[in-house]
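Note sheet for the following structure.
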Amino acid sequence: MTVSTPLVELRNVSKVYPATVKGAPDVTAIDDVSISIDAGDVYGIIGYSGAGKSTLVRLVNVLERSTAGQILIDGRDVAQLPERELRPVRLGIGMIFQQFNLLNSRTVARNVAYPLEVAGREKAERTKRVAEMLDFVGLADKAGAYPDQLSGGQKQRVGIARALASSPALLLADEATSALDPETTHEVLELLKRVNREFGVTIIVITHEMDVIQTLATKVAVMDQGRIIERGDVFDVFSNPQQAASARFVSTVVKGLPSKPELEVLRARHTGRIVTLAFRSDTVDQTQVFGELSRDGIAFQVVYGGINEIQGRPFGHLTLALTGDDTTIDAALDRVRALTTVTEVR
Ligand SMILES: Nc1ncnc2c1ncn2[C@@H]1O[C@H](COP(=O)(O)OP(=O)(O)OP(=O)(O)O)[C@@H](O)[C@H]1O
């Protein structure tokens, strides 16, 4: 078996900013973070404002130096490289930004050509590559337009064409859809999926929006106060978050567990016992669960919840109001507990 080197690996990385106000404590923006990203991954990093996401991105493309730890790109520690050796490393990393960062005095085509000019590519090669990239993002007809003649979604597509022009192996997307409306966000995320699928580009997606992770990423790390508090396959984290902060992010897109006020409403509206059941397509057989509950004169009604899907795998929570003889319900719930997680709200 061959063990492949991760494309990006952070080992015990920290970044401390000295206090900006005299007497105030230093700011630990990144606190002992280790992370491993394989070639071909779409790796989401989610956290609230101030969690350290942007700092992490600036460390990976070495716009800033870490205070401690190793940052390996393709097995090479870039954190220690002298400035003059960083240029080729940065050329291998594309970036897209929330505010697009296009050059307003240049046409769309010349924006896309910019990294190729910096890399010293011949004019003929630049022209060919720019045409290919504009074609890929569906903006061939806008080559001669200026950025301020474009919509937000079109600007970000130019940003993507520019980021990919020098054929980087890695694309960093820092809040790339946060300035866009939901429809345009969806189009840009679909384009980024194609970037990953068709060019095999590894993508690190930085966001505070869980639906971006749900749509695009295959793996996710949740950041809080400079640390990674949870990580895993997107499906696992969404269907069974382990940390309270992760569960809060998940709850923004998944209607699963009723909140306290919602439970009050459910209790007032329904007689009988209220239970929430967890479902995961790969481990829980819904038919069997409902079969157990429909026996022995128990009646039930689904009163809250929903089933979601990530990468074609359904999961979710359903809350039921059960009526019937208490002892019979207890026995049925015991049987269901052998099949899935049951939470009863008393
Ligand atoms: N250049 C800097 N000097 C001092 N402190 C900084 C600097 N850059 C970031 N910080 C601090 O580091 C912490 C992490 O900031 P960072 O911008 O990485 O967070 P973030 O998760 O990207 O949030 P946002 O989405 O709001 O940018 C914050 O407390 C921030 O104030």
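In what follows, residues are counted from 1 in the order of the sequence shown. Each ligand, and each atom within it, is numbered from 1 in the order the structure gives.
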Listed pairs under 3.5 Å, donor-acceptor, residues 90-103 side chains, sequence neighbours left out:
from: Arg90; atom 1: NE; to: Asn61; atom 2: O; distance (Å): 3.2
from: Arg90; atom 1: NH1; to: Glu83; atom 2: OE2; distance (Å): 3.3
from: Arg90; atom 1: NH2; to: Val62; atom 2: O; distance (Å): 2.8
from: Arg90; atom 1: NH2; to: Glu83; atom 2: OE2; distance (Å): 3.3

Show me the donor-acceptor pairs, under 3.5 Å and distance only, between side chains in residues 127-138 and residues at least two apart or in other chains.
from: Thr127; atom 1: OG1; to: Lys123; atom 2: O; distance (Å): 2.9
from: Lys128; atom 1: NZ; to: Glu132; atom 2: OE2; distance (Å): 3.3
from: Arg129; atom 1: NE; to: Ala165; atom 2: O; distance (Å): 2.8
from: Arg129; atom 1: NH1; to: Glu132; atom 2: OE1; distance (Å): 3.1
from: Arg129; atom 1: NH2; to: Leu164; atom 2: O; distance (Å): 3.0
from: Arg129; atom 1: NH2; to: Ser167; atom 2: OG; distance (Å): 3.2

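Across Glu187, Glu209, Gln156, a single residue satisfies side-chain contact (heavy atoms from CB on, under 4.5 Å) together with Thr177, and that is Glu209. Applying the side-chain contact (heavy atoms from CB on, under 4.5 Å) test between Phe300 and each of Val275, Thr323, Ile329, Leu320 identifies Leu320 as the sole match.
Sorted by chain and number, the heavy-atom contacts of ligand 1 below 4.0 Å come from Tyr17, Val27, Ala29, Tyr48, Ser49, Gly50, Ala51, Gly52, Lys53, Ser54, Thr55, Arg58.
Listed here is the closest heavy atom pair of Met210 and Ile46: SD-CD1, 3.4 Å.
Residues passing the side-chain contact (heavy atoms from CB on, under 4.5 Å) test with Tyr17 are Lys15, Val27, Ala29, Thr55, Arg58, Glu64, sequence neighbours excluded.
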